[in-house]
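Quick note: numbers below take in every heavy atom, side chains included, and nothing from hydrogens, waters or symmetry partners.
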Amino acid sequence: MNRVVRASIAALVAGTAIHVAFTPSANAEPVSSATDRQERVLAERDGIVVSVVSYRLPLAADAPPHPSDCDRTGFLRYRPADGPANSRDAEHVVVQEQGLGGGATNSDSVATNTVRSAMRLGHNIEFWALARRSQCLDETTGFDFALRSGNYLDAVDYYFNGKEIDGRKFPGFRQSSNLQVLDWMGLDRVVRDQYELMLAEIPDQAVRQRKFVCTGISLGGLVTGLFADWDFDGNPATQDDAGFNQCAAFAAQDSMVSSDPAAIQNTPFFRDVTNVITGGANDVLKAGFRADVMPRIFGPVPVTGTKAFLILRLAGLAAHLAPDAESQLLQHLPRDLDIDLTLNTLFAPTWAAFATNGADGSGTIRDFRFTNTALLGTLIDNNSTNFSLLQQGVGALAGGPVQDKSFPNPGEATQIPVLGGYLRISAGPQRRVAPTDHHALYTWRNYDDVAGVPYTAPNHEVADIRDVARQLAAGSPYAYWETYFPLRVVVDIGAAYGGARSGDMSNLRYAGMSRTKPNLAVFGGDSSVQNTAGALFPPPMLAQVQTMPGYNHIDTIGAAAVQNNGALDYSGQYLAEFVAGL
């Protein structure tokens, strides 16, 4: 063999050795980057331990200055008090992504109810309510102090009236231009945080794939579908890290689990064209965020903006701390455009009342007297509030006369064939009422005390307002509603659904892999989702599909443990039965 041939063979062998040495093995176990695990017990209720678990997982080195809490990620953990202390020893672990703007505490009811239902079935499971990284920016100082002092006005006055707490004044609500760190908290950060937490808690991939049930409510279902098709190490030759290989099954709560609902990836031509167009558009929007051209948060938007969600939380805090006292919350809120437009949108009984802000003689919500519980119910109940995505069936107004609402449309209009299903999106399908007596003190009848109320029925009241108040009142570690939800997540989901598979979406490598596993889809019977998005993008053919009568959108994760017919919360029960059958 001549010298040239020997040299060529040696180079080939050496090159092969180098390739083998530096190419990840298809069987190599991924290792989590998360460190410094911390767990703190928050409560024990009815035999279920609730704790907060967090890990250090720093943002990228080029992220702008941010609070140290933003370098940690975590979840609320629900487990049987007499069950395994270690997650890897649980029979199954349900891991849930939250909906738009929802904090980890959003899932407190369904988490508790699922674990409890599983216990009744003879199974020890856990439920993890994930917190998006953006919850590190939540406003909790006023809530934490008020929960200690017992006076909800301490929080109201801290956020709106300059009250000092421990020598500190509220610095004001952050504007989009001051929240650059949210640009580092898009979809890729959300799904990777979920992956890293699952990997850190249960390092063995085979065990993860057998034990985890991945689920999401509303927008969280969409995130779960994208998680399933994400390639976390960026290497097509390995799949142990792929999202679908972390989960034994998938579940959607009033949502869908998919990364490609329009099946764009099934056709090479459309796949390539949409990637160029949508991927390019996503790059432009991403640049717009970083250049402060695109708003990073809802901010001053009424109903879903920064102050709007904070007011709902404060109403919950007041109803939790002083449920039967006459509310002083509205008197302590300033009159500004954000607040007044939010209150008017949620409360106005007619178009004339909305257009005139109550000057037509009907009055605004500030012109009526409520107990704190009644005020909360008026803002969120399915027979009171005018925005369907906030509605829950928590009872009925009492203590004075009421009139029917027709703004933005009467609930009866949703009975119109076809069109009615879409009208549900605005204000829900139920008859809604507003108070009319400016002198009466309006009170509240809880969900299990509505028999005889002419505009509702027990089978449409499913959530305990006392539970809802306690959850809304939460301060640290995680609030019920995020203070600064990143719109970047919504834009990224839109790009992914539109076919973007480049840039930040380059690791969205697979399509429809969640459909290869068992699927559960549960829909609220009074929600608009099943008749709109659910009809356009139906669950997998072999999925278990359940409709929960009388449930609104948020009720799918916020219902009471026991319903008015004596049945357990359908959402927790269906999920527990699904998990037990795996």
Polar contact flag, side-chain donor to acceptor under 3.5 angstrom, S51-E39: yes
Under 3.5 Å donor-acceptor, Q98 side chain and L130 backbone: yes
R189 vs T73, side-chain contact (heavy atoms from CB on, under 4.5 Å): CA-CA, chis, key distance, verdict: CA-CA 10 Å; R189 181 74 269 163; T73 189; over 6 Å; no
Flag for D260-Q265: side-chain donor and acceptor within less than 3.5 Å: no
Closest heavy-atom pair and its distance - S255, F523: O-CE2, 3.8 Å
E201/R37 salt bridge by N-O under 4.0 Å criterion: yes
Heavy-atom side-chain proximity of R192 to N507 below 4.5 angstrom: yes
Side-chain donor-acceptor pair present, N178, Q175, cut-off under 3.5 Å: no
Note, L314 side chain near F143 side chain (heavy atom, < 4.5 Å): yes
W128 and F212 aromatic ring geometry - parallel, tilted or perpendicular at 30°/60° bounds: perpendicular
CE-OG distance between M513 and S258, expressed to the nearest 0.5 angstrom: 13.0 Å
Validation row: M185, R296 side chains within 4.5 angstrom (heavy atoms): no
Pair R488 + D183, salt bridge at N-O below 4.0 Å: no
Close side-chain approach of I217 to V110, heavy-atom, < 4.5 Å: no
Sub-4.5 Å side-chain heavy-atom contact between R133 and L57: yes
D144 and R148 ion-paired at < 4.0 Å: no
Nearest atoms (heavy-atom pairs only) where A463 meets V468: CB-CG2, 4.4 Å
Check: H320 main-chain N/O paired with R470 side-chain donor or acceptor under 3.5 Å: no
Test log, rule side-chain contact (heavy atoms from CB on, under 4.5 Å), inputs L182 and L137: CA-CA 10 Å; L182 292 182; L137 301 172; 3.7 Å; yes
Expected output: side-chain T105 to main-chain Q471 donor-acceptor under 3.5 Å: no
Salt-bridge criterion met for R45 and D467 (N-O under 4.0 Å): no
R116/D569 ion pair, N-O < 4.0 Å: no
Full working for side-chain contact (heavy atoms from CB on, under 4.5 Å) between N113 and L568: CA-CA 8 Å; N113 294 343; L568 299 180; over 6 Å; no
Donor-acceptor pair, side chain of T114 and main chain of A111, under 3.5 angstrom: no
Polar contact flag, side-chain donor to acceptor under 3.5 angstrom, Q246-Q194: no
Inter-residue atom distance T112.OG1 - D46.CG, 0.5 Å rounding: 8.5 Å
Qualifying side-chain hydrogen bond (donor to acceptor under 3.5 Å, both in side chains) pairs with a residue from residues 56-70, counting only residues at least two apart or across chains: D62-W184, H66-D71
Salt bridge (charged side-chain N to carboxylate O under 4.0 Å, His left out) partners for R509, two or more places apart: D231
Test item: R501 side-chain N/O and A496 main-chain N/O as donor-acceptor pair under 3.5 Å: yes
Value rounded to 0.5 Å, distance of CE in M505 from CD1 in I493: 9.0 Å
Ring geometry between F232 and W230 (parallel below 30°, tilted from 30 to 60°, perpendicular above 60°): tilted
Min side-chain heavy-atom separation Q96-I557 under 4.5 Å: yes
Qualifying salt bridge (charged side-chain N to carboxylate O under 4.0 Å, His left out) pairs, either residue in residues 280-289, two or more places apart: K286-D504
Between Q530 and T547: side-chain donor-acceptor atoms closer than 3.5 Å: yes
Separation between CG of L472 and CG of L317, rounded to the nearest 0.5 Å: 9.5 Å
Side chain proximity check, L76 to S107, heavy atoms < 4.5 angstrom: no
Steps toward side-chain contact (heavy atoms from CB on, under 4.5 Å) verdict (S87, R77): CA-CA 9 Å; S87 296; R77 180 189 181 201; 3.5 Å; yes
Residues, nucleotides or ligands: over 12 heavy atoms within 6.0 Å of L536 CG: yes
Ring pair (Phe, Tyr, Trp, His ring centres under 6.0 Å) pairs, two or more places apart, involving residues 475-519: F244-Y510, F309-W481
Non-hydrogen atoms of A34 and E196 that approach each other most closely: N-OE1, 4.0 Å
Over all atoms of both residues, closest heavy-atom pair of F387 and T304: CE2-CG2, 4.1 Å
Distance-minimising heavy-atom pair for L575 and A251: CD1-CB, 4.0 Å
Minimum heavy-atom distance between A576 and A118, given as atom pair plus value: CB-N, 3.6 Å
Min side-chain heavy-atom separation D193-F75 under 4.5 Å: no
Short side-chain to backbone donor-acceptor contact, Q205 and N245, under 3.5 Å: yes
CD-CD1 distance between E482 and I297, expressed to the nearest 0.5 angstrom: 11.5 Å
Flag, side chain of D464 to backbone of A560, donor-acceptor distance under 3.5 Å: no
Contacts of D254 that satisfy side chain to side chain donor-acceptor pair (under 3.5 Å) - sequence neighbours left out: S527, H553
Pair listing, ring pair (Phe, Tyr, Trp, His ring centres under 6.0 Å) test, anchored in residues 33-63, at least two apart: none
Any donor-acceptor N or O pair under 3.5 Å, side chains S117, Q573: yes
Check: G524 main-chain N/O paired with N552 side-chain donor or acceptor under 3.5 Å: no
Donor-acceptor contact present, side-chain D233 to main-chain D241, <3.5 Å: no
Atom pair OG1/CZ of T532 and F537 - distance to nearest 0.5 Å: 10.0 Å
R168 atom CZ: more than 12 heavy-atom contacts under 6.0 Å: yes
Side chain to side chain contact (heavy atoms under 4.5 Å, CB included) partner of Y78, the single match among I125, V115, V49: V115
